[in-house]
There are 2 protein chains.
Amino acid sequence: MAGNTGNPGATVTARVIAVLAAFDERHRRLGVTDISRRSELPLSTTHRLLGELVAHGALQREGRDYVIGRRLWDVGLLAPVQTDLREAASPFLHDIYAATRATVHLAVRDGNEALYLERLSGRSSVAIVSTVGSTLPLHATGVGKVLLAHAPQDLCREVLSRLSAVTPHTVTSPRTLTAQLERVRSNGYATTEDEMSLGACSVAVPVRRRGDVVAAIGVVVPTLKRDRGRLVAALQVAGRGIGRHL
Amino acid sequence: MAGNTGNPGATVTARVIAVLAAFDERHRRLGVTDISRRSELPLSTTHRLLGELVAHGALQREGRDYVIGRRLWDVGLLAPVQTDLREAASPFLHDIYAATRATVHLAVRDGNEALYLERLSGRSSVAIVSTVGSTLPLHATGVGKVLLAHAPQDLCREVLSRLSAVTPHTVTSPRTLTAQLERVRSNGYATTEDEMSLGACSVAVPVRRRGDVVAAIGVVVPTLKRDRGRLVAALQVAGRGIGRHL
DNA sequence: CTGCATTCTTCCACTGAGTGGAAGCACGGG
DNA sequence: CCCGTGCTTCCACTCAGTGGAAGAATGCAG
């Protein structure tokens, strides 16, 4: 009786997506067994799907492992993910980079996380953890704090109730963070020091469209000692510029 | 007899990819019927697949139409498409932008086309036709000519045998182009004037790794009259810089 | 408003594409 | 050499997928 009952209720499409979803920032390269485990699909099913996906260019083989293929890269780029915002921001992000030589970020709030839309990599020695397309917690990054400070009350409360520590310096006290967010609103900018990654500080300001905060831009630098004022000024100029082009 | 025989030999995976492949640069937003036609799948099959893909975030509805979804955007970004080259090039592309304020391109040869890997958009009035992730013909763009000038003999011959006119100024004579490519090799840079898009000129230089041309970088400007020398110089500095970091 | 063309959505009986357990390989470490 | 781990192939069973057709919605022209 080697026969089989199939798996009632599951569409092939869902399985295909599950396979693709096995890949993320920390797993760009995976073997059959890993993908099978992460997608919770039977090994042999996974194996066949992978073969088909490779045949159509959605994935590529790299030795025994699999990586996302060219086909998905250029299809993915067609997604209208805040296209207008990214277009409008692009030149201003360059300006910030030119003025600071630091790593520059553009992010929006996606639920209770910060979604990174754009990144210009500086040549500094700071370890950068962000990646375009991935998300980071709202309470531990500069752009995150800006977005959180201007998020709806209840979402803010929800985030404050579960503050995970990323580094020993991450702010995990709701009281402290609430006070910080208040200052973000009154001062017009947010800062972090070693809160997401040791040896990395950040400054961020909001981008507004007709008063509403729709995004945040920020820079990551090794230290804030000297440059805070200069960085804030450069960011605010850019932030207003972007807002004017939305 | 409303029954059905299915379509022997077709996997669901293939259909899913066919649906996704219906989207491209010029068709970012499509209705069911269009997708059905472009993917050559029966209408009702297409309709169901679209529903499933939307349910899993691979596509998104926009009114009646469909667009590529967030899920595919961030998965696509994980693809290792010349990642090292793009990493290495990034700061130098910014330098070029800072020095020229023009639209900057990074491209590699993909078969008989130029594949655009990176683009920094200038604020100039020039109409830019390139898009990251899409391809343009080798004979009508600056980066394309550089890549063609250093392509294998037989590929070059093949391209020369089918020179399509994109604008009235596109070079379609094999003799003329051959001469131009010779000059690209001896001068170390290529130019175009109104050949891809009217009112747009370009300059491009090769990026070499251990002597081999592995990519091309270029700028698009409204006119070459004044700045040719300055542009070539800026590009060549960057080109060598990138090469040193590969 | 009415009629016609086009596109979108739903339905359903049939069946072969997809399934997954198991067996067979291939590699590598002890 | 053996054993653990991961990759690949096999195959009988069956339900997920199929696609023609009918019906609903939209849009345009007269």
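Only a predicted model underlies this, so the values are computations on that prediction, with no experimental measurement involved. In what follows, chains carry the letters A, B, and so on, assigned in the order in which the sequence lines appear, proteins first and then strands, with residues in each chain numbered from 1.
As a whole-Å value, the separation of B:I35 CD1 from C:dT9 P is 11 Å. Between the CG atom of B:L50 and the P atom of D:dT18 there is a distance of 12 Å, rounded to whole Å. One can place CG of A:D34 at 12 Å from C1' of D:dC7, the figure rounded to the nearest angstrom. One atom, CD of A:E52, and another, P of D:dT8, lie 15 Å apart when rounded to the nearest Å. The interatomic distance linking B:L43 (CG) with D:dG23 (C1') rounds to 13 Å, in whole Å. Separating the CG atom of B:L49 from the P atom of D:dA16 is a distance of 15 Å, rounded to the nearest angstrom.
Counting only distance, with no hydrogens or angles, the side chain of B:T170 and the backbone of B:T167 share a donor-acceptor pair below 3.5 Å. Looking at A:S36, its side chain never comes within 3.5 Å of a backbone N or O of A:V32 through a donor-acceptor pair.
In this structure, B:L41 reaches neither bases nor backbone, as no heavy-atom distance under 4.0 Å exists between it and the strands shown. Within 4.0 Å (heavy atoms only), A:T45 reaches at least one base atom of the nucleic acid.
For A:S44 against C:dG21, a side-chain-to-base donor-acceptor contact under 3.5 Å is present.
Between A:G142 and A:S202, the closest heavy-atom pair is N-OG, 3.3 Å.
Take the nearest nucleotide of DNA chain D for A:V12 and for A:D65: the residue whose nucleotide is more 5' is A:D65. Looking at which nucleotide of DNA chain D each of B:N7 and A:R37 is closest to, the 5′-most match is held by A:R37.
Taking only side-chain atoms of A:T33, from C-beta outward, the nucleotide of D:dG6, C:dT9, D:dT8 with the closest atom is D:dG6. Candidate nucleotides D:dT8, C:dG18, C:dT9 were compared by shortest atom distance to the side chain of B:T11, and C:dG18 ranks first.
At the phosphate of C:dT9, OP1 or OP2 sits under 4.0 Å from a side-chain N or O atom of B:H47. Look at A:R15 and you'll find a side-chain N or O under 4.0 angstrom from OP1 or OP2 of C:dT19. At the phosphate of D:dC11, neither OP1 nor OP2 sits under 4.0 Å from any side-chain N or O atom of A:R48. Taking 4.0 angstrom as the limit, B:R64 places none of its side-chain polar atoms (N or O) nearer than this to OP1 or OP2 of C:dT7.
Using a 4.0 Å cut-off between a side-chain N of Lys or Arg and a carboxylate O of Asp or Glu, B:D24 and B:R38 qualify as a salt bridge. B:R37 and B:E40 are not joined by a salt bridge, as no carboxylate oxygen comes within less than 4.0 angstrom of a charged side-chain nitrogen.
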